[in-house]
Every structure is written in structure tokens, then in C-alpha cells.
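Below: the structure, in C-alpha cells.
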Amino acid sequence: MASTSQKNIVERLAGAGEEVLERIASIAAAERMVGTLGTLKERVDDLQKSVRTIDRLERRLSAIEWRLTKLEGKSSTKSRKTVSSGSKKRTATRKTGAGS
């Protein structure tokens, strides 16, 4: 028969073993979390670079749209002048009277 002290030793070893397993599991979980956080940081950095690129493209697009609007305004004014001046038709006056 096992004595009470032997049972206590076995119970303490079992408890210690459980603690070790819990610590190992928490260390593994912590390592996974640190790895995930590192990956997340890299992804956020990539996202920030993409957003900066999009911001630059939006500024360029705005500038191009402004220039286009400015050019369309000039060309539409020119074409209106051309159309209005071209639409004036000159008619020849007929000479009627004594010389005919």
C-alpha cells in the first residue's frame, strides 16, 4: 500500500505537470499572438503605403480634371465664337435698276 506521503508526492507531481503543460500552452499561444501581431504590423504598413499612393493619385487626378475643365472652357468659348461668327451669312446685294 502507498503511504499518504507518497500519494501527496504523486499529487504534487501531477499538479506540477499540469502547470507546466498550461505554461507551455500559454507560451505557444503567446508566440502565435506575437507572430500574428508582427504580421498585422506589416499588413498595416503595406496598407498605409497603398493609401499614400491613392492620395497622390487623387491629387494628380484632381489637377488633371482642373486642367481639363480649364481647357474645355477655353475650347468651348472658341468654338462658340467660331460658330457664331461663321453663322453670319453675307448675302450679295443685287443691283436692280437702270443698269440691268
Side-chain angles (χ1 to χ4, degrees):
M1 279 194 126
S3 69
T4 308
S5 64
Q6 288 176 338
K7 285 183 181 180
N8 286 340
I9 292 174
V10 171
E11 287 176 1
R12 285 178 35 202
L13 285 174
E18 287 176 7
E19 284 181 35
V20 168
L21 290 175
E22 287 175 5
R23 286 184 183 175
I24 290 172
S26 67
I27 290 171
E31 287 176 354
R32 282 194 305 267
M33 187 167 47
V34 168
T36 301
L37 289 175
T39 303
L40 180 62
K41 182 190 177 302
E42 291 172 8
R43 289 182 180 176
V44 168
D45 289 343
D46 290 342
L47 183 61
Q48 286 176 338
K49 288 176 187 175
S50 297
V51 168
R52 278 188 238 123
T53 301
I54 290 170
D55 286 343
R56 282 192 305 243
L57 289 174
E58 285 179 341
R59 284 193 300 270
R60 287 178 60 197
L61 180 60
S62 293
I64 290 169
E65 287 174 339
W66 180 80
R67 288 172 48 201
L68 179 61
T69 302
K70 190 175 174 182
L71 287 172
E72 285 176 340
K74 285 182 179 180
S75 65
S76 63
T77 304
K78 286 180 183 177
S79 64
R80 282 190 207 129
K81 287 181 181 178
T82 304
V83 170
S84 63
S85 64
S87 64
K88 293 181 182 178
K89 294 183 180 178
R90 295 184 180 169
T91 56
T93 55
R94 292 187 179 178
K95 294 182 180 178
T96 56
S100 305

Rounded to the nearest 0.5 Å, what's the gap from [atom1] on [X] to [atom2] on [Y]? Could you check?
X	Y	atom1	atom2	answer
Lys7	Ile9	NZ	CD1	13.0 Å
Ile64	Thr69	CD1	OG1	11.5 Å
Leu68	Leu61	CG	CG	10.0 Å
Arg67	Ser62	CZ	OG	12.5 Å
Glu19	Arg12	CD	CZ	11.5 Å

- request: Using the test side chain to side chain donor-acceptor pair (under 3.5 Å), find all partners of Asp46 that sit at least two apart in sequence or belong to another chain.
  value: none

task: Step by step, work out the side-chain contact (heavy atoms from CB on, under 4.5 Å) result for Lys41 and Val44.
output: CA-CA 5 Å; Lys41 182 190 177 302; Val44 168; 5.8 Å; no

message: Would you say that Glu18 contacts Leu21 through its side chain, given a criterion of any heavy-atom pair below 4.5 Å between the two side chains?
response: no

Salt-bridge contact Asp55-Arg59 (side-chain N to carboxylate O under 4.0 Å): no

